[in-house]
Each structure stands twice: as structure tokens, then as C-alpha cells.
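What you see is a predicted model; the values in this text were computed from it and never measured. Just so it is clear: chains get the letters A, B, ... in the order the sequence lines come, proteins before strands, and each one is counted from 1.
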Protein chains: 2
Amino acid sequence: MFNKRVKVKELLASEATGQEVIVMGWVRGFRNNQFIAVNDGSTNNNIQVVVELGMLDEETLKRITQSASIKATGTLIPSQGKGQKVEVKASAIEILGDCDPEKYPLQLKNRPSLEYLREIAHLRFRTNTFGAVFRVRHALAFAIHKFYNEKGFVYMHTPVVTASDAEGAGEMFRVTTLPFDNPPRNEDGTINFKEDFFGRSTNLTVSGQLEGELAAMAFSEIYTFGPTFRAENSNTARHLAEFWMIEPEMAFYDIEDNMNLAEEFIKYLIRYVMENNREDLEFLAQRLAEEEKQLPQDKRSEMGLIEKLEFVMNNSFERITYTEAIDILLNSPAYKKKKFQYEVKWGIDMQSEHERYLVEKHFKKPVIVTGYPKDIKSFYMRLNDDGKTVAAMDILAPGIGEIVGGSQREERLDKLTERMKEMNVPADEMWWYLDTRRFGSVPHAGFGLGFERMVLFVTGMTNIRDVIPFPRTPKNAEF
Amino acid sequence: MFNKRVKVKELLASEATGQEVIVMGWVRGFRNNQFIAVNDGSTNNNIQVVVELGMLDEETLKRITQSASIKATGTLIPSQGKGQKVEVKASAIEILGDCDPEKYPLQLKNRPSLEYLREIAHLRFRTNTFGAVFRVRHALAFAIHKFYNEKGFVYMHTPVVTASDAEGAGEMFRVTTLPFDNPPRNEDGTINFKEDFFGRSTNLTVSGQLEGELAAMAFSEIYTFGPTFRAENSNTARHLAEFWMIEPEMAFYDIEDNMNLAEEFIKYLIRYVMENNREDLEFLAQRLAEEEKQLPQDKRSEMGLIEKLEFVMNNSFERITYTEAIDILLNSPAYKKKKFQYEVKWGIDMQSEHERYLVEKHFKKPVIVTGYPKDIKSFYMRLNDDGKTVAAMDILAPGIGEIVGGSQREERLDKLTERMKEMNVPADEMWWYLDTRRFGSVPHAGFGLGFERMVLFVTGMTNIRDVIPFPRTPKNAEF
């Protein structure tokens with residue numbers, strides 16, 4: 001029975017000096033053949049285990065290397081050194097697993113780069129940066145469930161393998177058990193997907209929204225939190241082929257209610273992490289500050305990480321229409337000085353440079369843009385009375401760009417089928433979606449929050465590959 | 001702004017009679033042109049909305065049909081009828097969405113079968129049975145996160161698309177963007193997966209365990225909760241091609257600690273639902289009792305649903321070794337009367353009939369079986385000192401069979417590589433997994449809980465297709 005150990009986080013907060021304790025973890029440092037810094041991932045802080053000189057033989061001392069795992073038995077005592085209240089005076093040390101420094105690919109003293117750490121993603125959890133990032137990621141995930149549970153939303157696991165394409169256009173991954181060599185064919189030579197596992201052509205979901213809507217038509221308020229997939233060949237710091245998304249869907253909500261919920265939600269998440277992961281956030285804030293020191297002055301953030309989170313938490317998001325956004329851009333010094341690479345005019349799908357201008361230069365806070373032209377948005381968004389815009393909303397965040405995309409849904413059967421026809425969405429395959437508009441349809445709305453983008457925003461990390469355990473990107477599915 | 005409505009669950013518990021309220025929901029019944037039963041999915045109970053005679057015209061009265069959606073404004077008053085404390089005296093009724101009874105495929109009065117409801121899974125949430133099942137499913141999911149969060153476990157999203165095969169043998173779904181017509185080929189005619197999206201052959205994960213172990217080697221205690229996939233052509237009431245699994249993985253745990261955690265976990269989940277979803281459980285208990293009335297006496301459960309849950313919550317799970325289990329089977333009246341279809345002897349992979357005998361006839365409670373023959377278990381399970389069994393554990397539950405499978409993991413590099421060689425697991429593709437045994441290896445253990453099987457167990461439903469929103473099974477990926 002191993003499970004009598006006390007976690008480092010608990011030990012460091014303990015007042016019970018004089019007690020016998022067992023610590024297990026990985027060595028983070030070893031000074032003067034006497035002071036072992038032990039970490040078990042419960043916090044970035046280490047517990048100091050003090051070994052009396054002469055207690056261990058030469059052989060054992062040599063095995064206390066970085067990332068070796070040990071079991072230390074001893075007494076919790078007030079610490080002599082600075083930086084910690086308590087330490088463990090060891091009565092016995094057992095090496096659980098060696099770590100040969102000659103072979104170990106993660107030498108902390110060499111300050112490995114984030115790029116290098118991605119290649120050893122199986123070991124990077126052992127660094128302070130990734131320790132903090134993934135504890136914050138955990139806290140955010142928990143806060144998401146807590147938020148919706150408190151509000152009485154029902155968590156729905158919408159299917160990952162699906163025959164439908166929620167966005168009407170996404171590039172998708174095929175899921176199949178058919179062989180590439182000699183796949184079954186129809187008489188006309190096309191592939192016979194009736195022979196495939198699910199009896200039809202299937203792919204990985206790009207969104208759980210459509211299925212979420214079905215459930216909202218019974219439970220009123222539901223949310224999803226699951227993996228979604230895009231087979232886009234975009235190798236950027238903001239895109240993953242596999243990422244997690246939260247998609248709440250609410251009956252009896254209009255676009256206003258939708259915005260209110262999304263803003264409340266984001267603030268709740270930030271507050272939760274500020275209250276529960278302060279230590280990790282402070283570490284990440286310092287990391288970011290140090291990283292930015294290497295940038296020219298004008299590329300640095302105006303606020304530190306903690307300051308930014310407090311600002312977002314305590315201020316209302318700006319709310320503007322798409323038409324207002326275009327006007328702001330057309331009247332901006334940036335536009336007049338021809339600093340935008342892409343065209344600006346009503347009807348465009350705003351580019352990253354436009355969104356960043358609005359958020360980072362003009363408003364300097366999160367912005368919710370509503371009323372987008374219908375032609376650049378999905379078929380299921382509710383047509384506004386002007387006949388040319390839809391009740392869509394995007395939330396743009398500083399440094400991230402779009403973090404939330406949502407809309408009031410088109411609940412009117414005639415309008416919906418008309419849009420589907422215009423956009424070539426096959427109505428017969430979506431009979432079940434249309435049924436919700438046939439039988440007790442109600443006004444409803446929803447949105448999607450990209451989980452990894454939220455983690456980026458909160459941790460101050462800059463590459464999305466650094467906030468998911470094992471990133472999936474073009475040409476990369478290692479681990 | 002729609003969001004001023006009060007949820008039915010809240011209204012029914014309200015003491016604030018005299019107040020003006022707005023209710024929105026779907027009509028569950030309409031009596032005497034006067035009493036509308038409205039449901040919004042927050043509970044199976046309806047709020048009664050009372051319409052004064054003459055308040056609505058003929059046309060509107062006709063539109064108040066089952067599953068039409070309405071908005072009712074009125075005053076909360078003490079109820080005249082029995083069965084509810086309060087009701088709403090309507091001052092205005094607005095029909096939000098019609099539901100034509102001639103076309104609506106879900107007529108509650110016809111008592112639709114579970115089989116039929118599977119065909120209209122997009123509407124079945126509107127029945128009492130599925131309302132209760134999915135609220136319980138939600139509560140279980142939340143309780144899972146709550147349990148691990150309270151214990152300081154870190155939630156890890158392990159990858160869904162993977163190049164590895166955790167079980168060493170599972171039938172898997174291929175994930176690809178290559179075309180079936182003229183896929184790229186190598187010179188020797190084989191498919192050139194270097195051209196595929198991820199630059200290699202990839203599939204849907206069968207388990208997050210291996211990646212979970214990597215994270216446990218830094219955070220000590222982690223868990224996953226995500227979708228997993230099996231491309232098995234088994235059309236049974238207990239199998240899904242896509243299902244959700246919870247996989248905790250813990251450093252510094254041996255098989256005993258592992259069993260203790262699993263038992264504590266299952267009891268915590270049951271207790272949570274008993275405390276938070278009592279109404280839904282009572283409904284489901286009654287549903288089950290009614291269903292079982294149609295069975296011959298000897299096929300009925302000995303305990304009612306609530307009674308069963310209380311029993312499991314309040315009693316220790318039986319713990320036996322595989323060897324003891326085989327002995328019990330060999331000495332059983334069932335064996336002597338040749339009632340088992342499959343052979344019983346040391347070394348067999350126990351069949352469902354054997355597991356059910358142990359759990360339902362012999363012990364009449366959940367049973368944890370440990371020490372399985374190594375030849376019927378996975379390569380990563382820790383070899384016991386006898387050299388022929390491994391530190392595996394399965395938890396068998398009444399009516400369900402295997403609900404948890406786990407083990408202490410083989411942390412010794414030499415033993416692990418030996419087993420991999422014996423079982424033809426390619427070591428070079430799993431360099432990252434072996435690294436954890438090279439660099440600071442520690443004793444560790446973990447298990448997997450099949451989420452849908454847990455939902456089955458708690459709800460008393462008997463077909464796994466009825467406890468996941470949109471089941472994925474051979475030849476079926478509708479919705």
C-alpha cells in the first residue's frame with residue numbers, strides 16, 4: 001500500500017511539524033549532497049527533503065539526479081532556509097526509479113525552448129511552465145462544468161462520429177473501416193459506403209451544435225464539452241486539427257440573452273482560476289513578462305497577465321454591430337495609412353488584422369460583434385428583419401481573436417429551409433434537424449467556445465500546441 | 001429578451017404565490033380546455049397552467065396540442081388540484097411553435113416502445129424516461145469531475161486521433177483524408193500514409209491510458225474522461241462503437257490502492273445521484289418495476305433500483321482472486337448441473353455467464369477480481385511474483401458485468417519490454433511510453449470505468465443505446 005504519502009502541496013501548507021510523513025515524487029534539484037527538492041506535480045513548489053551528511057552511501061547519492069523518483073520518509077520540521085515554511089528531515093530515502101542524466105532528454109538547466117519541449121511532449125509536464133498550464137487547464141475545465149451545473153444545464157455528449165456536417169463546408173476527416181485496397185464499389189464504380197462500418201459515409205464531427213439543439217428542445221438548456229475536428233492544412237499558432245469545444249444551446253434565448261450568458265461565462269471562468277490557481281497564474285505571468293522582454297517595446301502587451309485577467313473580469317465587453325465595426329475600421333488611422341493588408345468594406349469576412357485592430361487598438365477590451373452579413377455565415381443563423389444580416393455574434397479577445405462564435409438560431413421552418421436551399425445544405429439528410437422546427441419550435445440560441453483558445457487567453461501562452469497535452473496538427477500525431 | 005422565464009423546477013418549489021411569472025415550455029397535456037401541463041425539461045414534473053374559460057379563442061385552443069411550445073404569463077397561486085403545491089393562473093398564452101398531432105411521431109398516449117424511440121432519438125428527450133435518464137447522466141458526469149477535482153487529480157484530454165493502439169489488439173476505425181479512388185502508393189504498391197493528413201496511418205483511440213500514464217509521471221494523479229471507439233461488429237445491448245470512458249491513472253498506487261479508489265469512486269457517484277436526483281431515480285425505479293412485471297418471476301431483479309443502489313453504496317465490494325473465482329465456479333451447482341455454456345478451467349477468459357454467476361448468484365454484490373492469468377491480459381499489466389498472473393483487477397456489477405477494468409502497471413523496463421516482445425507490441429513506435437520507465441519510473445496503477453455502463457447501472461435501463469444521446473452501432477450513425 002503506497003497510498004500513505006502526503007502530497008507536496010498539502011505538506012507545504014501543513015502546520016503539523018513534528019509529524020512523521022512520507023513524500024514521493026521526482027527530484028527537481030539536489031544541493032550539497034544534502035538538500036533534495038522534490039516535486040509531485042500537485043504544485044510548482046518543491047518540498048525540501050534534508051538528508052544528514054553520512055546518512056546515504058556514495059552509490060545512493062549518485063542516483064539522486066534530476067527526475068529520478070524517490071520515496072522519502074522523515075519528520076516535518078520548520079524550515080531553516082528561506083522560501084518555505086517547512087521541510088522534511090529524512091530518516092530514510094528510497095530510490096524508486098533512476099534517471100540517467102547522460103540520457104535524459106529534459107535537462108532543466110539548459111532552459112529548453114517551447115519548440116523543443118513539443119518534441120518531448122511526454123516529458124514536458126515535468127517543467128514548471130507545463131505544470132502550471134495543465135493545472136490551469138484542469139481548473140478551467142472544472143469551472144465550465146460547475147458553471148453550467150449550477151445553472152441547471154444538462155451536459156450532452158453529442159456524437160464524435162457523424163454523417164452530418166454542421167458547418168455546411170468544413171474540411172473533414174473520414175472515419176472508415178473499409179480497406180484502401182479493393183474497397184467495395186457500386187455498379188457505377190463509386191465507393192459503396194453501405195459496406196462501411198456505419199452503413200454510410202461518416203466523418204469526425206466539426207461541432208456538436210445541431211445535435212445540441214435537438215436536446216435543447218426538451219431540456220431547455222444544455223451544453224456540450226467534447227472534441228471537435230478540422231482537417232484544415234493550417235499550420236498556425238492558433239489552429240489544431242483536434243481541439244475541445246464547449247457549446248451551450250438554450251431554448252427561449254434571443255441574441256441578447258446569448259451574449260449575456262457568454263460574457264457571464266467567460267468572466268466566471270477567469271474568476272474561478274484567479275481564486276483557485278493564483279500561484280500558477282503568477283508563475284505564468286512572470287514567464288510571459290520575461291518572454292516579452294525579448295520583444296521590441298511596441299510588441300509587448302500593455303498589461304501583465306494578471307492585470308489583463310482582472311481587467312476582463314471587471315469590465316463590460318464592448319458590444320457593436322458588424323456595420324459599426326466596418327465603420328470604425330474605415331475611419332481608422334490604420335486604414336487611412338493603408339496598413340491593412342486585406343480589403344475593408346461591408347460584406348467582408350473580417351481578417352485577423354481587422355479583429356485585432358478593433359480589440360487591441362480601438363477598444364482595448366473584449367468586443368462582441370453582432371449582425372453579420374448572412375452571406376458569410378452559416379445556414380442555421382436567424383435572419384434579421386433587414387433580410388441581409390443574421391443574428392450572429394462573435395466574441396473577439398485581445399491576443400487571441402475569435403474566442404466565441406454563436407448566434408440565435410433560425411427557428412422558423414420556412415426561413416430555414418429557404419436558407420438551406422440557397423446554401424445547398426441537403427434537407428433530406430437533416431430531417432431530424434428540421435423536425436425540431438416542425439414540432440414545437442421555439443426561439444433559441446447558442447455559442448461555441450474554443451477551449452484551447454480560452455486556455456491560451458488565461459495562461460498567456462502564445463502557441464495553441466502548448467496548451468493541449470498532445471497536439472494534433474498537419475503531419476503530426478506523435479504520442 | 002426572453003430570459004425572464006422561471007424554470008418549472010424552480011416554480012414548483014417556489015413559495016412566492018401572488019407573484020407574476022413567465023413560464024415557457026412544451027405542452028405535455030391539456031384537459032377540459034382549461035388545464036395545460038407545461039414541461040421545460042428541468043424536471044419530469046409539469047407546472048399546471050390554468051386558463052380561464054373564454055380567455056382563449058377556439059383557434060388558439062386547438063393549437064394547444066402535445067409538444068406545442070407556449071409562453072404563459074400569469075400569477076403563481078396555490079394549487080386547487082392534488083399533486084402540486086402551486087400552479088399558474090394565466091393572464092396570457094402565446095403559442096411559440098405549433099405541433100400538428102397528425103404528423104407528430106411521438107404520441108405519448110400510445111406508450112411508444114424503447115425500440116421505436118431509438119428511431120426518433122431526436123425527440124425521445126421529451127419523454128419522462130429519457131428526461132430522467134439524461135438528467136441522471138448529467139449528474140453522474142458532474143459527480144465524476146467533482147470527485148477527482150476534490151482529490152487534486154488533473155483532468156487530461158488525451159488525444160482522440162492516435163497512431164498507437166493501447167490494447168495491442170482492438171479493432172479500430174481509420175481516420176484519414178486520403179481518397180479511396182487512387183490513393184497515393186509507395187513503390188511496392190502499399191498505401192503511402194506519409195501523404196495522409198497526419199503523415200502516418202491514424203485511428204480513433206481505444207483508450208487514453210498510455211497517454212494518461214505519461215501525465216501521471218508528472219502530476220501523480222490524473223484522470224481522463226473522453227470518447228473511445230471500438231470497431232467491433234457486436235450488436236448487443238452492452239456494446240457501442242463510440243462510448244465515453246473515465247480513466248484515472250495514479251503514480252505511487254499499487255493494486256490495493258487502485259481497488260480502494262475504484263470502490264470509493266463508484267460509491268461516491270451513487271451517493272451523489274441519490275442525493276441530487278432522487279425524483280428521477282424514483283421515476284426510473286418505478287419504470288423498471290413495471291417493466292419487470294412482464295417478466296417471469298425468476299427473471300426479475302431481487303431488489304428494486306433504489307434498494308440496489310443503497311445496497312451497493314453501503315456494502316463493501318467482495319474482493320477475490322481469479323483463482324478463487326474459478327474455484328467457486330467449478331464448485332457451483334450451476335457447473336455441476338452443466339448449466340454453463342462455456343468451459344470453466346484456470347486460464348479461461350471468463351464469459352458473461354460466469355461473471356453473472358459470481359455477482360448475481362454467488363455473492364449478490366459487486367465483486368473485484370484480481371490476479372488474472374497474464375496470457376489473457378494486456379502487455380502493460382504488472383507481472384506478479386508467481387510469473388503467471390498479473391496485477392489486474394476487474395469490477396463486476398450485478399446486471400452489467402464488467403464495469404471497471406484496471407491494473408497496476410508494469411513499471412520495470414526490463415519486464416515491460418520482455419512482455420512487449422512476447423506479445424508483438426512494436427517497441428520502437430512506443431519509445432515515449434518506454435521513456436517513462438527509463439526516466440524516473442514509479443509504481444503506478446489505473447483503471448477505466450465505462451461511463452455508459454455506469455449510467456445503465458444507476459438508471460436501471462437495460463440497453464446501452466438508451467443511455468447515450470445518439471448511439472453509434474454497426475450500420476447506425478443517424479442524427
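A perpendicular orientation is assigned to the rings of B:Trp432 and A:Phe479, their planes being inclined by more than 60° (bins at 30° and 60°). Classified by interplanar angle (parallel below 30°, tilted 30° to 60°, perpendicular above 60°), the ring pair A:Phe252/B:Trp26 is tilted.
In this structure, the portion of B:Phe451 lying under 4.5 Å from any heavy atom of chain A is its side chain and not its backbone. Within the 4.5 angstrom heavy-atom criterion, atoms from both the backbone and the side chain of B:Met217 approach chain A. For B:Tyr433, no part sits under 4.5 Å from any heavy atom of chain A, backbone or side chain. Interface remark: B:Pro471 contributes no atoms to any contact with chain A (heavy atom separation under 4.5 Å). Of the two parts of B:Ala141, only the side chain, counted from C-beta on, holds a non-hydrogen atom closer than 4.5 Å to a non-hydrogen atom of chain A. There is no contact between B:Ile95 and chain A, counting heavy-atom distances below 4.5 Å. Residue B:Lys194 touches chain A through its backbone alone, counting heavy-atom pairs closer than 4.5 Å.
Look at B:Arg185 and A:Asp181 and you find a salt bridge, because one of the NZ, NE, NH1 or NH2 atoms lies within 4.0 Å of a carboxylate O, short of that distance.
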Begin with the C-alpha distance, continue with both residues' side-chain angles, and end with the deciding distance and a verdict on ring-ring contact (aromatic ring centres under 6.0 Å, His included) for A:Phe173 and B:Phe198. CA-CA 11 Å; A:Phe173 292 102; B:Phe198 293 108; 5.4 Å; yes
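For A:Arg126, the salt bridge (Lys or Arg N to Asp or Glu O under 4.0 Å) test picks out no residue, with sequence neighbours left out.
Annotation: the span from A:Tyr155 atom OH to B:Leu140 atom CG amounts to 13.0 Å, rounded to 0.5 Å. With rounding to the nearest 0.5 Å, the separation of CZ in B:Phe219 from CG in A:Asn39 is 9.5 Å. Note: B:Leu204 CG to A:Thr176 OG1 = 11.0 Å, rounded to the nearest 0.5 Å.
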